[in-house]
Every structure is written in C-alpha cells, then in structure tokens.
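Data block below; observations after.
Values below: every heavy atom of this structure, side chains too, minus hydrogens, waters and symmetry copies.
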Amino acid sequence: MIKADRLDTLQPGIFSLINEKKKQALNAGKNIIDLSIGSPDMAPPSHVKEILLQAAQDDKNYGYALTEGLEVFKNAVVNWYEKNYRVKLDPATEVLSLMGSQDGLTHLHWALLNPGDLVLIPDPGYPIYQAGPLLAGGKIYPLPLLEENDYLPDLDNIPVEICEKAKVMILNYPSNPLAATATKEFFEDLVAFAKKHQIIIVHDFAYSELSYDGFKNPSFLEVPGAKEVGVEIHSVSKTFNLAGCRLGFIVGNAEVIDALRLVKSNIDYGTFSPIQIAAASALTGPEECVKENALNYQHRRDVLIEELAKYGWQVPKPKASMFVWAKLPEKFPSSEDFAFKLLAQTGVAVVPGIAFGTHGEGYVRIGLVQDKEKIREAGKRIGEFIS
Ligand SMILES: Cc1ncc(COP(=O)(O)O)c(C=O)c1O
C-alpha cells in the first residue's frame with residue numbers, strides 16, 4: 001500500500017541475500033572469505049589521502065560544491081582523457097561530475113527517456129543497467145552476451161524492430177560481471193550501428209584502468225564519431241580505491257550531458273569539495289599507483305586460476321576488471337544452488353551468475369577482492385567443494 005508501483009520492477013538485491021547467507025554460515029562456525037561484493041579492498045594512494053586531509057581542513061570547502069563539478073576536477077578529467085586516450089574534451093560542455101557512476105547510470109534515464117522508451121542492456125550485466133531505465137519509466141531489452149561472441153553483443157542480429165524502437169544502449173567493457181574486454185574495431189562497429197539506428201550509447205568504463213599482462217582497455221570515445229552518438233561514464237572508485245567517496249564523471253556528447261545536468265541541478269549539489277580536490281590530484285598525479293593496483297589484481301587472478309586448475313576447474317584468464325567469470329562444472333546446473341551451498345559448506349562467498357541476467361546462469365562471479373593468501377585459501381576450498 002505504501003510502496004510505489006514502480007518499485008515492483010526492482011529485483012531484490014542479491015547482496016542482501018548473500019549477506020543473509022553469510023550470517024547463517026558465520027553462526028554455523030564457518031570462517032568467511034567474501035569474494036562476492038566488488039568493493040576494492042586496497043588503500044587509496046597516500047598522496048591522495050594527504051590532499052583530502054588538507055582540503056578537509058579548509059573551511060571554505062564545506063559549502064555546496066555545485067552539481068557541475070569543481071573546475072579543478074573537470075580540468076583534471078580533461079587532462080586525464082587527453083593523456084590516456086588522446087580524446088579532447090571541452091570541460092564546459094562535455095564533462096560533468098557525478099556522485100559515483102551509479103548516479104549517472106540512474107539519472108541519465110530521467111534525462112533521456114519518455115515513458116515506455118526502450119533501453120538495450122547487457123545480459124549478463126551490472127544490475128543498475130536494468131533498475132535505472134525501469135525506475136525512469138522506460139522498458140528494457142536484454143542483449144545476450146555469449147562466450148562464443150567474446151561476450152560482445154551481436155549487433156547484426158538484434159531484431160530490426162528493436163533497433164528502430166531503442167533509444168539508448170548501455171555497454172560496459174571491461175565488464176562486470178564478465179571480465180570481458182572490447183576492441184577498437186567493436187567500438188567502430190558500435191558507432192556505425194548507433195548512427196544508423198539513432199541510438200544513444202552509454203559506455204560504462206568503471207574498470208578502465210584495471211587491465212593485465214600489458215593489455216590497455218580502449219575508450220569508446222577514442223573512435224572517430226563516438227562523441228556524436230554517446231557518452232562514457234567513469235568513476236574514481238576502482239581506479240584509486242575511493243569507492244566510498246562517491247565521485248565519478250560522465251564525458252562525451254554535449255547534448256546528453258546537458259540533459260543530465262538539468263536533472264542533476266534539480267536534485268543534488270555535487271560531491272564534497274575535498275573529495276573532488278583529492279580526486280583531481282589523483283587524476284593528474286603519478287601513474288605508478290594505478291599500475292601497481294592493477295598488478296595486485298593480476299597476481300590475485302593468477303593465484304585463483306592456478307588454484308582452481310589444481311582441482312581440474314579450468315577458467316580462462318581475464319585481461320581486465322577485478323573479477324573472474326567462471327563457467328560451472330557440468331554437475332552444477334544452478335548457479336544459485338552452487339553459490340549458496342559453497343557459502344554454507346566452505347564459507348566462501350561468490351555471486352551466482354543468474355543475479356546478472358538469464359544468460360548468467362551456469363556461471364559464477366568471483367571477486368578478486370581479498371589478498372593473495374585469502375584468495376589461495378578460497379581457491380582451495382572451492383576446489384575441494386567441486387571435487
Ligand atoms: C560496472 C560498474 N559500473 C558502475 C559501478 C558503480 O561505481 P561507482 O562507485 O562509481 O558508483 C560499479 C560498481 O561496482 C560497477 O561494477
């Protein structure tokens with residue numbers, strides 16, 4: 001009676017369920033190794049914390065920060081894009097600060113969708129891609145991301161009537177949960193597809209700096225013409241381990257950004273200034289900490305994959321992200337059953353693939369969010385569980 005009907009469109013959060021199961025396992029005496037939630041466990045760079053502390057001492061940083069983002073932060077974003085991806089951006093019209101990417105991924109739909117407008121979303125995909133459009137009164141069409149297509153959407157096989165109806169497409173590479181990456185060629189095809197069908201592309205690039213073995217993730221905006229059709233969303237959460245600080249940014253198409261700016265200027269005042277100042281220093285500061293961060297995840301990935309292989313579970317090595325997406329051995333048909341039994345019997349928490357969409361069934365997402373020793377121990381417990 002109290003809840004709005006639109007809440008019926010939301011799935012109960014998988015993490016509440018996992019938390020419940022974790023409590024039960026703990027009460028039953030299990031030692032928990034939590035590889036479920038994608039929250040970075042490593043520390044932010046110390047120079048960034050220093051700047052944050054200094055800025056927090058300055059009384060003038062306690063006023064409203066402005067939705068737009070501080071100049072210092074927006075300029076840092078512009079420099080970072082130019083240096084990392086050779087993409088030029090106008091800080092006045094093509095950059096907007098966000099209170100985390102989650103803010104952009106939700107409110108963008110309020111800015112773009114009329115009731116019933118269709119949004120193409122990845123399946124499997126990060127849950128906000130579904131919740132965002134539905135809360136804004138839109139409709140969703142899941143695009144199956146299949147292993148045989150390297151987890152890229154098969155653009156040629158999206159039904160024509162869907163292409164004609166769709167207003168927005170959301171994609172995410174490196175992908176959560178798939179740990180899949182995109183190529184520049186794919187982004188070129190995507191720009192051509194978007195132009196042909198007049199679809200706005202929203203590329204969530206939250207894991208841009210987490211790549212391994214020398215691989216560098218391409219930015220969607222590197223492709224000529226990308227800015228005409230879409231935007232890219234980022235955050236400092238994963239790149240600098242600042243997830244709790246709630247700061248992100250959206251860059252690219254000025255018209256899309258202008259529409260989002262209008263929504264946000266009515267509902268928020270931006271992220272606390274000291275955080276923006278610290279993030280600006282992170283973006284313009286030394287790159288070693290970012291590389292070291294990625295290398296830590298790479299080592300953890302190797303430990304997990306080697307450990308699972310000892311028990312006969314061969315899982316491909318992802319080139320990026322902070323996850324391993326593992327196809328379950330055949331004797332486990334249900335990912336939920338697998339994940340909850342694994343947790344109850346061994347204390348290791350992973351996320352069932354089905355939580356990310358129907359095409360996630362048969363897989364689990366294992367987060368590389370504990371140190372190497374814990375990951376090794378988790379791999380051993382998982383290995384014994386499947387044997
Ligand atoms: C793919 C993806 N996008 C966005 C987010 C949200 O990040 P933020 O902290 O910037 O809101 C996450 C968080 O896990 C994510 O995995």
Side-chain angles (χ1 to χ4, degrees), residues 44-45 47-48 51 65-98 100-101 103-104 108 171-174 181-188 190-191 194 200-211 214-242 245 247-258 260-261 270-271 273 275-294 319-320:
H47 69 279
V48 177
I51 306 265
L66 296 182
T67 311
E68 206 37 63
L70 300 184
E71 285 305 307
V72 66
F73 176 63
K74 291 202 298 169
N75 288 334
V77 168
V78 169
N79 290 337
W80 187 77
Y81 250 97
E82 169 118 48
K83 189 175 71 176
N84 277 1
Y85 299 106
R86 294 164 310 282
V87 172
K88 286 197 194 313
L89 296 164
D90 174 359
T93 59
E94 295 175 337
V95 182
L96 183 69
S97 89
L98 300 172
S101 0
D103 166 19
L108 197 53
L171 287 174
N172 162 231
Y173 295 101
T181 56
T183 57
K184 263 200 196 156
E185 293 69 35
F186 168 72
F187 283 146
E188 280 161 8
L190 185 64
V191 169
I200 299 164
I201 304 296
V202 177
H203 182 233
D204 178 1
F205 205 22
Y207 296 93
S208 65
E209 306 314 301
L210 297 186
S211 57
F215 175 75
K216 182 167 168 54
N217 294 298
S219 157
F220 163 67
L221 293 181
E222 276 177 88
V223 171
K227 243 196 242 179
E228 291 159 40
V229 296
V231 287
E232 197 154 70
I233 295 186
H234 264 279
S235 128
V236 297
S237 295
K238 320 286 167 164
T239 306
F240 302 107
N241 297 327
L242 292 167
C245 289
L247 181 63
F249 46 100
I250 180 166
V251 296
N253 187 279
E255 216 181 316
V256 172
I257 287 178
D258 198 42
L260 179 58
R261 182 188 293 108
T271 299
S273 297
I275 291 173
Q276 297 197 46
I277 293 166
S281 78
L283 289 165
T284 50
E287 289 166 22
E288 284 65 35
C289 52
V290 177
K291 291 195 177 126
E292 204 179 303
N293 196 40
K319 282 196 284 192

Can you tell me how far apart CG (N217) and OG (S211) are? Round to the nearest 0.5 Å. 4.5 Å
Is the shortest distance from a Lys or Arg side-chain nitrogen in E82 or R86 to a carboxylate oxygen in the other one below 4.0 Å? no
Minimal heavy-atom distance between L89 and K227, with the atoms involved, is CD2-CE, 4.1 Å
What pair of heavy atoms forms the shortest contact from Q276 to L70, and how long is it? OE1-N, 2.8 Å
Is it the case that the side chains of Y81 and H234 hold a donor-acceptor pair, with the cut-off being a distance below 3.5 Å and no angle test? yes
Would you give the length of the straight line joining atom CG of L66 to atom NZ of K74, rounded to the nearest 0.5 angstrom? 9.5 Å
Under a 4.5 Å cut-off applied to non-hydrogen side-chain atoms, are F73 and L283 in contact? yes
Taking P174's backbone N and O only, do any of them form a donor-acceptor pair with N172's side chain (distance below 3.5 Å, no angle check)? yes
Is the NZ or CZ atom of K184 positioned over F220's six-membered ring, under 6.0 angstrom from the centre and within 45° of the axis? no
Does a side-chain heavy-atom distance below 4.5 Å link L242 with S237? no
Quick one: do I200 and V229 satisfy side-chain contact (heavy atoms from CB on, under 4.5 Å)? Show the steps, please. CA-CA 5 Å; I200 299 164; V229 296; over 6 Å; no
Output the distance between atom CD1 (I275) and atom SG (C245), rounded to the nearest 0.5 Å. 4.0 Å
Verify side-chain contact (heavy atoms from CB on, under 4.5 Å) between Y207 and Y173, making sure each step is shown before the conclusion. CA-CA 7 Å; Y207 296 93; Y173 295 101; over 6 Å; no
V290 versus E209, closest heavy-atom pair with distance: CG1-CB, 3.6 Å
Within the side chain of N253, is there an N or O that forms a donor-acceptor pair under 3.5 Å with the backbone of E228? yes
Hey, what do you get for CG (L247) to CG (L98), rounding to the nearest 0.5 Å? 8.0 Å
State whether the side chain of N75 and the backbone N or O of E71 hold a donor-acceptor pair below 3.5 Å, judged by distance alone. yes
Within the distance-only criterion (no hydrogens, no angle test), does the side chain of K238 pair as donor or acceptor with the backbone N or O of A206 below 3.5 angstrom? no
d(N79 CG, N84 CG) to nearest 0.5 Å is 10.5 Å
Is it the case that over 12 heavy atoms from other parts of the model lie below 6.0 angstrom from the NZ atom of K83? yes
Quick one: closest heavy-atom pair of I250 and I257, and the distance? O-CD1, 3.7 Å
Are H47 and C289 close enough that some pair of their side-chain heavy atoms sits under 4.5 Å apart? yes
Checking the side chain of E222 only, and the main-chain atoms of S219 only, is there a donor and an acceptor separated by less than 3.5 Å? yes
Decide yes or no for D258 and R261: does some side-chain heavy atom of the first lie under 4.5 Å from some side-chain heavy atom of the second? yes
Is there a side-chain contact between W80 and Y85, using heavy atoms and a 4.5 Å cut-off? yes
Could you walk me through whether F215 and T181 satisfy the side-chain contact (heavy atoms from CB on, under 4.5 Å) test, starting with their C-alpha distance in whole Å, then the side-chain angles of each, then the deciding distance to 0.1 Å, before giving a yes or no? CA-CA 10 Å; F215 175 75; T181 56; 3.6 Å; yes
Straight-line distance of F249 CZ to E94 CD, nearest 0.5 Å: 14.0 Å
Name of the residue among V87, V191, V231 meeting side chain to side chain contact (heavy atoms under 4.5 Å, CB included) with L221: V87
Residue pair L260 / L108: nearest heavy atoms and the distance that separates them: CD1-N, 3.6 Å
Just do the side-chain contact (heavy atoms from CB on, under 4.5 Å) check on L171 and V202 with the steps written out, would you? CA-CA 6 Å; L171 287 174; V202 177; over 6 Å; no
Closest non-hydrogen atoms of T239 and N293, given as atom of the first, atom of the second and distance, are O-ND2, 3.8 Å
Is it true that, when you exclude E185 itself, more than 12 heavy atoms of the residues, nucleotides or ligands shown sit nearer than 6.0 Å to its CD? yes
